[in-house]
Amino acid sequence: MRPPVNIPHPALLMLRAAWQWRRNDGRLWALQLYGLVGIIVFLVPGVMALLWLPAWAGAALAGVLTLAAITWVWGTHFSALLRLNHPHALHLVPGHLQAVRGAALGLWSLLVLLAGVLAGLGVATRGLDDLGASARIGLAAALATGLLLLAVAASLRWWWMWVLAGSTPTLAVQLWQRGGSQAWAAVEPIWQAWALWTSLLLLTMMAALLAAIVGQTGPRHARAYLRREQRRQAEALFPSRPKTAWAAYGRWGVWLGWPGRALADAWLRHCLARPSSVMARAEVVLHDEQHWVRQLAGALLVQAVFALCLIVVACVTGKSLGLFIEHGRVGITVGLGFVALSAVTVLPTALWRSRREQALLVLLPGMPRGAALNRALAWRQWRHGLVLWLGVLPAAAVLVWFGHGLYALAWLGVALPLSAWSWRDHARMQPVPSATHLLPAASYVVMGLLSMFLLTRHPAALGLWLAGLLAFSAALLAWRWRVLQQLPPALPAGRLG
């Protein structure tokens, strides 16, 4: 007789879905990998900051990294819960809505409690003897975390909330300057006397709002669910079929995707008019929608649109443009770095998807053979990454102009040595899962944070750092270039895998 099978609670199963969807076999292998990446990205820099930085700076950076990790976990799970909250399941599956609400409220409560406890313990271990003050700081951290996670949930539920969230810091500063400090001075005695009960009341109100966000039903919920799924599927189509993905956003999407398509078509006509450039024509098929022309056009378009938005907001609010760049310099720098690194993460996927066409490409007259093919493909890939790196320099120049050059240089420069990651054995390539992109991304984050730490603590080491970075890049590229000569022909990709 078989022993009874213990089936987890539906809410626990829903929390596992966010990681199981990242694997076709349904196992939690992705949870282990993402956990390792989380340790590298969040835990290791936090511990390094606590050990190396001054007490206040290390605690602040560790707190920011902890909050970022909590927000990342919450966003991942809440997005999955929104997908699980299907209108048909709400009507046909008994207890489905209660399970979704239980999963959301349980995870939210756990993360808020974790943030409060860590903040209270962190303050207590930093030499603050007043236990009541440490408890109040922990409660304040729990309230701030709960409000942040509630805002993230609302933004995932309604896309226009992202626009409101982007303007919230500026509005908060203006409100604080126009009477917010006086209002807080009047409320602070009540908070000092009733911190626990006030916090519990506010957290209860936040939990009720979260339950209302998750518990939407009826025709309006069905329409909103359909629109979210259309946007999600459109975003998933961007790597392979960006034209279809842009079209899913309506007329604005078609208009925004037009520059990339126009430039790609013009480049294709240029390649066809030059019969001698066989690799240039082959590259159009090899990299398909990830061709460097399309990616460069997208990078320049994003920079232009973002700059236009900043200018419009600065004109409307009457504030200086440098103020908005000051507030958003970290996010801008991080975004530019990952655009510069995108060639390393997307080109293997593009080669895998075009492997069937590559069997015909290798038969083209004038197509290189053997080691010459490996060298030609490696040169194309490295030039692809270099073009993207140069394409983000306009925005980097703006950051340098407003005094944040070390941030931009330290972060963007690390993409140069990691470009050697593309020079691999393509003939033995396996199906490229999305999780494999995390390894170069995690390496980039670690090296970028170390470079930023070095240059901010020792600005005079800029020349030495740059020389070491160039030497390291040259050594890696030279080593991989020698390895390429011994590898089997790269195309068709995956034939020996």
Side-chain angles (χ1 to χ4, degrees), residues 6-22 28-47 59 62-85 95-125 134-157 165 195-216:
N6 294 324
I7 300 177
H9 192 275
L12 296 178
L13 293 175
M14 289 180 177
L15 293 177
R16 292 174 55 177
W19 309 105
Q20 288 175 326
W21 282 341
R22 284 160 170 78
L28 291 179
W29 178 85
L31 178 59
Q32 301 171 7
L33 177 63
Y34 280 76
L36 177 61
V37 173
I39 291 174
I40 296 175
V41 174
F42 298 111
L43 183 60
V44 173
V47 173
V64 170
L65 290 173
T66 303
L67 187 60
I70 289 175
T71 307
W72 172 54
V73 172
W74 170 252
T76 301
H77 283 283
F78 194 79
S79 299
L81 292 176
L82 288 178
R83 286 185 62 188
L84 288 170
N85 199 20
H96 184 79
L97 179 59
Q98 289 75 13
V100 175
R101 280 180 175 173
L105 291 173
L107 181 61
W108 180 83
S109 303
L110 180 63
L111 295 177
V112 168
L113 178 62
L114 177 64
V117 170
L118 290 179
L121 291 177
V123 172
T125 56
S134 300
R136 285 192 294 271
I137 291 176
L139 291 173
L143 286 174
T145 304
L147 185 60
L148 175 62
L149 299 186
L150 183 63
V152 171
S155 301
L156 292 173
R157 175 65 175 79
L196 177 61
W197 299 109
T198 306
S199 301
L200 292 177
L201 176 61
L202 292 175
L203 289 174
T204 303
M205 294 172 60
M206 292 181 196
L209 290 175
L210 179 61
I213 292 175
V214 178
Q216 300 291 321

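Every value quoted in this text rests on a predicted model; they were computed, and no experiment measured them.
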**Asked** Sequence neighbours excluded, which residues qualify as side-chain contact (heavy atoms from CB on, under 4.5 Å) partners of L200?
**Response** L196, W197
**Item:** Qualifying residues under side-chain contact (heavy atoms from CB on, under 4.5 Å), relative to L67, sequence neighbours excluded
**Value:** T71, T145, L148
Minimum-distance pair of heavy atoms, taken over all atoms of [X] and [Y]:
X    : Y    : result
A115 : A141 : O-CB, 4.2 Å
A103 : L81  : CB-CD2, 3.9 Å
G75  : V152 : CA-CG1, 4.4 Å
W108 : L150 : NE1-N, 4.3 Å
A142 : L203 : O-CD2, 4.1 Å
W74  : L149 : NE1-O, 2.9 Å

Distance check, rounded to the nearest 0.5 Å: [X] atom [atom1] versus [Y] atom [atom2]?
X    : Y    : atom1 : atom2 : result
L110 : L105 : CG    : CG    : 12.5 Å
L114 : S109 : CG    : OG    : 12.5 Å
H77  : L111 : NE2   : CG    : 8.0 Å

**Prompt:** Is the closest side-chain heavy-atom distance between L210 and F78 below 4.5 Å?
**Reply:** yes
**Asked** Do V112 and M206 have side-chain heavy atoms sitting under 4.5 Å apart?
**Response** no
**Asked** Any sub-3.5 Å donor-acceptor pair from N85's side-chain atoms to V214's backbone N or O?
**Response** yes
